[in-house]
Every structure is written in structure tokens, then in C-alpha cells.
Protein chains: 2
Amino acid sequence: MTNTVKHGGSALRHQTSDGPNGIRLRRVTTAAAIYQQLHAAIVSLALKPGISLQEKRIAEEFGVSRTPVREALLRLAEVGLVEIFPQSGTFVSRIPLSAIPEAVVIRKSLERTTVERAAQVATAEDIAQLDSIIARQRAHASLGEASHFYEQDEAFHEAISAIAGYPGIWTLVKTVKLQIDRARRLTLPVSGRMTTVTEEHEAILDAIAAHDADRASAAMMHHLGAVIPDVEALRQHHPGYFA
Amino acid sequence: MTNTVKHGGSALRHQTSDGPNGIRLRRVTTAAAIYQQLHAAIVSLALKPGISLQEKRIAEEFGVSRTPVREALLRLAEVGLVEIFPQSGTFVSRIPLSAIPEAVVIRKSLERTTVERAAQVATAEDIAQLDSIIARQRAHASLGEASHFYEQDEAFHEAISAIAGYPGIWTLVKTVKLQIDRARRLTLPVSGRMTTVTEEHEAILDAIAAHDADRASAAMMHHLGAVIPDVEALRQHHPGYFA
DNA sequence: ACGTGCAAATTGATATACTAGTATGACAAA
DNA sequence: TTTGTCATACTAGTATATCAATTTGCACGT
């Protein structure tokens, strides 16, 4: 377990507080920047589950001191993306397959709530917004742009949360579904999957537009239930990635 | 905004790692200890919303360096109990009344899920366990022991989550209901409230014992809906406590 | 093969110093 | 009086060096 990963020697550049127009921007701390970079790297599996992360080495690679690196790692440990063993080492967490079913249940519970509420209160503009998201999604799907497609997928769910008046629920869902996302990254990109997802989103939107909370809920449950990855196949293809 | 608060000069003592029986206990880091103390102080309102918390001063009061204090404050900021303004100051967060309705919705959503599942799968032992919790609760209520009563109240909900097979949901609910708890602390202890809560718990348990998921859900929703504090009265009595 | 013990490695914590924003109040200008 | 500027002090963010506590692995000896 002495694997390491190169970060490409990316140097962090402190953002100065003054924008060109004199607007006072919120300062981006070094610790926050490192957190985001590591977060993205872990979720995208650029940093593989199980590999070692050392405060000292990361600090050198980013060209900063241990302090902000340490703070970033502590935050990552809280959301379950790294595991810190005192006086021993810090490692990218293995994907806890046993926790995924519960994460799915939580997500279903919360998104059922948002979609039902959204179906009750959605305005014409809300529906138009969701429709435009789906349109972009369909375009990306036809071009096979998985990354952009994924962004719009998230935007769709986030928009529903916002429409319902519960934007904080999406924030919660994002952290809950982290490990699910990591597992999903390992599944081969099934052709046609993007089209299927788009159709499921359309079904959800149809129900919202009809202000049919029950149908919207059912469509959302079907959508979220279809995303569960095949656990056993993953274990076979990627030994050592799971806890 | 130069208010401060005395911590009574409580000195932290490092726990050694070896228990009397040789079992290797998980080491309690200084940062974690400080986090817990500040967490409890803020939720119990011993630390009032809005007052200043300074890394340096807290470090001196606890007799430690800035580092663990800083880590504790960062964690507290993540759960919304303190607000950090870079290069300016750190303050106990004011209670965000506007976020409370959403927190209630989230809690209802998650606990509806757990109680419905619990009603489906509860065994005789599970039901006995819940019954004993309620028994203890009734005893504490009759003696007016609010603090012990509150512990059993939490234990009841936590047990339901565990019975459902979703222990992580209770962990989530605990953080979501933090601000609700702070607001509730400000409400005067209504006589008979403890008795009412106990009866509501009994109704929930009855439905679970009967494996009636719908009734259990309804009882839980009624229970959680009855706890919403009177926002306007709070604003009047405690100016400066809310955001 | 199997413990034993020591050295290396790593996180936890301390102490100190410096930087960069931020709040504050005094003071000058209108 | 009001407004704008400036000096000052304060605070969080970061850097650096160092030590402590503990785990881990490997060499060593039995």
C-alpha cells in the first residue's frame, strides 16, 4: 500500500481579493481549493480507492504547507472520502458497498419529498426551465458527451429541489450520493443509458407539469431505483476498491 | 460585538490509549474533545448566538495550541453552529429561523421512511426495546427530569432508525435537527409537554407493534409536526439570537 | 518458523512568526 | 454635521520547525 499519485505539479495561485471592477470577491482559501481538487479527484476515481495520501507529500506537490492540506483532509474524512488512521496513514477510502443501499433509500426519501412538492407548486417558468435542461441533456446524449450530460443530470435534480422550495435538500443529497457516484464511475458506459435517463426525466417532468404528485413520485422512484449498480460484477472487475 | 464567554478554565486531559482491560481504545484527539465541548455548549445555548469565539482565546482557555481549536471550529462551521469570517472573526451562529421549516421537512421525510420500514420488520425484541425506552421516559417525565427525558426521546428515534436497518439515517437527522433543537431550548418548558410526547411515542409504538406502516407513519408525522416552535414569540423574547 | 525489538514513517500537537484582510476610531475635508 | 481618509490594532490563514505518540515493517536472534 505505498501507491502514490502525481498531481501534475499543479501550483495553487492565490486569488487576490480585488476583481477588475473593484467588487470585493470572497477569498478562496488554500485549504478550500485543495479540498475541492482532492474531492473531484477522488469522486472521479483519478485517485484510486485505497491509495495512500500523505500530508507532507501532498503539501509538497501543491507547494503549500501541511496546515491547509491537513484541513482539507479532515473535511474529506468527514464526508467519507478519505480515512485517517492516526500515527499510521491517510488513505482514499474504499467504496463502502454495504452503505450504498441505505444511501439509495435516503436519496429516494428526500427526492420523493422534493418532487411531490415541486409537482404541487411548479409554475410555468419552472416547467420551462426543467424542459430546457432536458433539451440540453438530449443534445449531449446524442453527441455522447458523458461529462456534460452528467452535469445536466445533476442540474435537473437540483432544479426540482429548488422549485420545491427546499434547496438544502439537494445539498444533502449530494453528500449522501457520493459513494454511489464513485461506484457508478466503475460501471462501463452502457450505450443508450443516457437516452434512457433522459426519457425518465421526461416522465418526471410530464407528471410535474400535470401537477400530479403521485405520478411524479412514482416516476422519480423508478428513476432512482434504476441506477443501482451491479455490486457483484464490480467486485469482480475491481478488486481492492471496495470495503 | 465584543462579547466573550468564560469557559471556566476547564483543562483538557489527554486520554491514554490503554483501557484497564488492555483493550486498545480509539484515541480521543484534542480537537475532537474541544469540538464536543463547544458543540454541547452551543446547542445548550450556554454559548449564546452571536458571541465572538477567538481561536487564540479559546486555545488559552483550554490550555492547548491554536491548531486543535481551529480544527474544531472548522467542523462546527460545517454543521452551521459557528460562522467564520476570514481575517475578521468567528462567531456562534445565530439560529437561522428561515432554514427551520426545511429542516422539519427533511426530518419528516427521513423519519417517515424509517418508521414505515420499522413497522414492517420489527421483531418482538425490537418492540420490547422501544417499550422499555418509553417506560424510562415516562418515569423521567413524572419526576420532571427534563434532561434524562430528552436522552430517552432521542434514544427512541434512534432505535427506530436502527430497527429499520438504516442507522445512518439517524446520524443524518441529528445534524439536520441541530438548529431546531437550539430554537426549542428557548421555549419555556411547558408543563405536560413531556407527558404528551410520551403518549405520541406510545401511539407510534402501537402502530409498529401492529405492523401497520401507514398508521405508524401518520403517528410519526403528527409527532414531528407538533414540535415546531413558535417563531414569532421567540423573536420577541430573544432579540439578536436569530438570523 | 517465530517472536522481539528497534528504526522509520506518519499523524497529532505545539510554538512562533508572518501575511492579508477587516474593524475601529481619530482626524481632516467638505 | 457629514463624509472620506488614514493609522492602528485585531483576527484568521498560512508557513515552518520541532516534538510527541503511535503504528508499521524489517532485521535480528532464538
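Since this is a predicted model, take the numbers as computed values, not measurements. Below, chains carry the letters A, B, ... as their sequence lines are ordered, and counting in each starts from 1.
Between the CZ atom of A:Phe85 and the C1' atom of D:dT24 there is a distance of 13 Å, rounded to whole Å. A straight line from CD of B:Gln87 to P of D:dC10 spans 16 Å, rounded to a whole angstrom. Here C:dT16 presents its C1' atom at 15 Å from CD of B:Glu55, a figure rounded to the nearest Å. Rounded to a whole Å, the OH atom of A:Tyr35 is 20 Å from the C1' atom of D:dT14. Rounded to whole Å, the distance from CD1 on B:Ile34 to C1' on C:dT14 is 13 Å. The CD-P distance, from B:Glu60 to C:dT16, rounds to 12 Å in whole Å. B:Arg57 has its CZ atom 9 Å from the P atom of D:dT11, to the nearest Å. With rounding to whole Å, A:Lys56 atom NZ is found 12 Å from D:dT18 atom P.
For the pair B:Gln54 and D:dT11, the criterion of a side-chain N or O lying under 4.0 Å from OP1 or OP2 is met. Contact annotation: B:Ser88 side-chain N/O to D:dC10 OP1/OP2 distance is not under 4.0 Å.
For the segment residues 65-76 of chain A, residues with any heavy atom less than 4.0 angstrom from an atom of DNA chain C are, sorted by number, A:Arg66, A:Arg70.
When distances are taken from the side chain of A:Thr30 to each of D:dT14, C:dG12, D:dA15, the shortest belongs to D:dT14. Residue B:Val64 has its side chain nearest to C:dT14 when only C:dG12, D:dA12, C:dT14 are considered.
Side-chain contact annotation: A:Ser93 with A:Arg182, donor-acceptor N/O pair under 3.5 Å present.
In this structure, A:His201 and A:His157 have perpendicular ring planes: the angle between them is above 60°, well past the 30° mark.
With a 4.5 Å cut-off on side-chain heavy atoms, B:Ile163 and B:Arg117 do not count as touching.
The residues B:Glu154 and B:Lys177 are annotated as salt-bridged, a charged nitrogen and a carboxylate oxygen being separated by less than 4.0 angstrom. Between B:Glu71 and B:Arg75 no salt bridge is recorded (no basic side-chain N to carboxylate O distance below 4.0 Å).
In this structure, A:His148 places its NE2 atom where only 12 or fewer heavy-atom neighbours from other residues, nucleotides or ligands lie under 6.0 Å away.
Across every non-hydrogen atom of B:Ile95 and B:Gln179, the tightest pair is CG2-O, 3.9 Å.
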